[in-house]
Amino acid sequence: MRRFLIAGNWKMHLVRAEGMELVDAILEGSVGMPADRELLVIPSFTLLHTIAERIGKRALGLGAQDLHWEASGAYTSGVSAAMLRDAGCEWVLVGHSERRDHFGDSGEVLGRKLRAALAALLRPIYCVGEHLEEREQGRTHELLDRQFHDVLDGLAPAEMQRVVLAYEPVWAIGTGRTATPEIAQETHGFLRSLVASAYGQGVAAETRILYGGSVKPENASELLGQPDVDGALIGGASLMAESFLGIAQAGGQHTSGAQKRTGKT
Ligand code: PEP
C-alpha cells in the first residue's frame, strides 16, 4: 500500500529563526498523525543542518530543493549529494519547474542529478508538469512522456522504486489555480501507465505520485481522495504550520489506486 507523502517546499523563503519556528510548530502539530502519511520539509540549503538537528529522531523527513550532479570539484555554488546527506537529508527535489524555467535545467542535466541522488542513497522527487499553453494545445501527455523518458529511462527497477514522482502543472504553481481532481487523477493515471510500461506493473503500483499546484487545506481532501494521488508537494501553504498540517490531515485513509478501484479497503 502506498502511504501519503506530504512535502513542503519552502523555496527561497525563511531565515533560520523563522524556519526553526515553523519546524517546531510542524513537529508539535504532527504528533499522532495517522500512520498512512509521511511528512517532509524541504528548506533552503542554509537551513538544512539546523532543521535536521531540530528534527532529531522525530518522524519528519528532510529534503533539499536541488543538487549538483558531480560528487565534488570546481563548481562554485554547487551542492553535492554527499553534502546533502551530510546535512541530514534523505530526500531531494529534481526538476522542479522553477529549476527548469529559471535556471535552464535540461532533461540531460536532470538525468545526471537524479542519478547522483540515487547513487548517494538520497530519494529523489522528480517533478514533471506542463505549461498552460501545452495543456491548451492538447500536448500534456506528449510533454509528460518526454519529461519522463528523458530523465528516467535506463534506471534499474530497484532504482525506480526509490523515485517519487510529482505532477506539478506549471499553470497551477503559486497561481491559486488548482487542477481539478479529475485532471489530477487523469494525469496521475497516465504517469502511472508510463511507469508500468517502462518498469512493470509491480513498480508502477508502488510508485508514489504527488500532486503539486496551489494545494490548500480547502482543496486537499478532494485531491488526495483520487486513487492515483499519493500525496502533495506544497509551496505557499507549507510556509504556515496550520495550513501544512491541515493538508496533511486531509484526505481520509489512503488506499492504493488498485484497491480503491475495486472497492476494497
Ligand atoms: C511548488 O512550488 O512545488 C508548489 C506546488 O507551489 P504552490 O503550492 O505555492 O503552488
Side-chain angles (χ1 to χ4, degrees), residues 4-14 18-19 22 26 37-45 47-48 51 61-67 89 91-105 110 113-114 117 122-132 134-135 140 143-144 147-148 151 163-181 183-185 187-188 191 208-224 226 228-251:
F4 280 131
L5 177 61
I6 309 294
N9 173 14
W10 295 1
K11 308 197 188 190
M12 198 172 73
H13 294 290
L14 310 182
E18 295 165 332
L22 178 56
I26 291 172
R37 55 208 65 202
E38 193 178 344
L39 271 56
L40 161 67
V41 291
I42 309 177
S44 60
F45 288 134
L47 298 191
L48 289 173
I51 300 290
L62 181 68
Q65 299 172 16
D66 187 35
L67 79 166
C89 290
W91 297 88
V92 63
L93 294 181
V94 175
H96 192 283
S97 63
E98 287 153 17
R99 289 292 321 172
R100 294 180 193 262
D101 290 351
H102 304 317
F103 299 89
D105 281 11
L110 296 175
K113 289 184 174 187
L114 188 116
L122 286 165
R123 300 205 56 189
I125 299 176
Y126 177 53
C127 307
V128 296
E130 80 286 1
H131 290 88
L132 186 57
E134 288 150 344
R135 176 156 286 276
T140 300
L143 189 272
L144 295 178
Q147 290 180 333
F148 182 93
V151 171
V163 176
V164 167
L165 296 177
Y167 169 55
E168 297 212 301
V170 182
W171 47 270
I173 297 182
T175 59
R177 184 175 169 190
T178 317
T180 61
I183 289 181
Q185 172 54 29
T187 316
H188 282 227
L191 287 169
R208 286 188 285 185
I209 308 176
L210 315 184
Y211 169 78
S214 298
V215 180
K216 304 181 198 73
E218 303 81 63
N219 58 29
S221 287
E222 266 199 300
L223 289 161
L224 294 175
Q226 303 307 306
D228 285 300
V229 176
D230 306 310
L233 179 54
I234 310 153
S238 74
L239 296 173
M240 287 154 295
E242 199 186 342
S243 45
F244 181 65
L245 292 167
I247 295 167
Q249 277 147 356

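For ligands, and for the atoms within them, numbers begin at 1 and follow the listed sequence.
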Can a donor-acceptor pair be found, under 3.5 Å and without considering hydrogens, that links the side chain of Gln65 to the backbone of Asn9?
no
Per-atom contacts, ligand 1 versus Gly235 - under 4.0 Å to a heavy atom:
4 (C), 5 (C), 6 (O), 7 (P), 8 (O), 9 (O)
Would Ala172 count as a contact of ligand 1 if the rule is a heavy atom under 4.0 Å away?
yes
Ligand-side contact atoms (ligand 1) for residue partner Asn9, heavy atom cut-off under 4.0 Å:
2 (O), 3 (O)
Does any N/O atom on Gly236 come nearer than 3.5 Å to any N/O atom on ligand 1?
yes
So which heavy atom in the protein is nearest atom 1 (C) of ligand 1, and how far is it from that ligand atom?
His96 NE2, 3.2 Å
Contact (N/O only, under 3.5 Å) between Ile173 and ligand 1
no
Looking only at the side chains, is there a donor atom on one of His96 and Glu168 sitting less than 3.5 Å from an acceptor on the other?
yes
Please list, chain by chain and in numerical order, all residues satisfying salt bridge (charged side-chain N to carboxylate O under 4.0 Å, His left out) with Arg100, sequence neighbours excluded.
none
Ignoring hydrogens and angles, tell me if any N or O in the side chain of Glu38 forms a donor-acceptor pair with the backbone of Ile6 under 3.5 Å.
no
Any side-chain to backbone donor/acceptor pair from Asp105 onto Val94? Under 3.5 Å, distance only.
no
Under 4.0 Å from a heavy atom of Gly174: give me the atoms of ligand 1 that qualify, with their elements.
7 (P), 9 (O), 10 (O)
So is Ala237 close enough to ligand 1, meaning a heavy atom under 4.0 angstrom away?
no
side-chain hydrogen bond (donor to acceptor under 3.5 Å, both in side chains) with Glu98: which residues, sequence neighbours excluded?
Lys11
Protein heavy-atom partner closest to atom 3 (O) of ligand 1 - residue, atom, separation in Å
Glu168 OE2, 2.7 Å
Please verify the inter-ring angle class for Tyr211 with His188; under 30° counts as parallel, over 60° as perpendicular, anything in between as tilted.
tilted
Within ligand 1, which atoms have a heavy atom of Gly213 less than 4.0 Å away?
5 (C), 10 (O)
For Leu233, the atoms of ligand 1 under 4.0 Å from one of its heavy atoms are 3 (O), 5 (C)
Is Arg123 reaching over with its side chain to a backbone N or O of Val164, donor-acceptor style, under 3.5 angstrom?
no
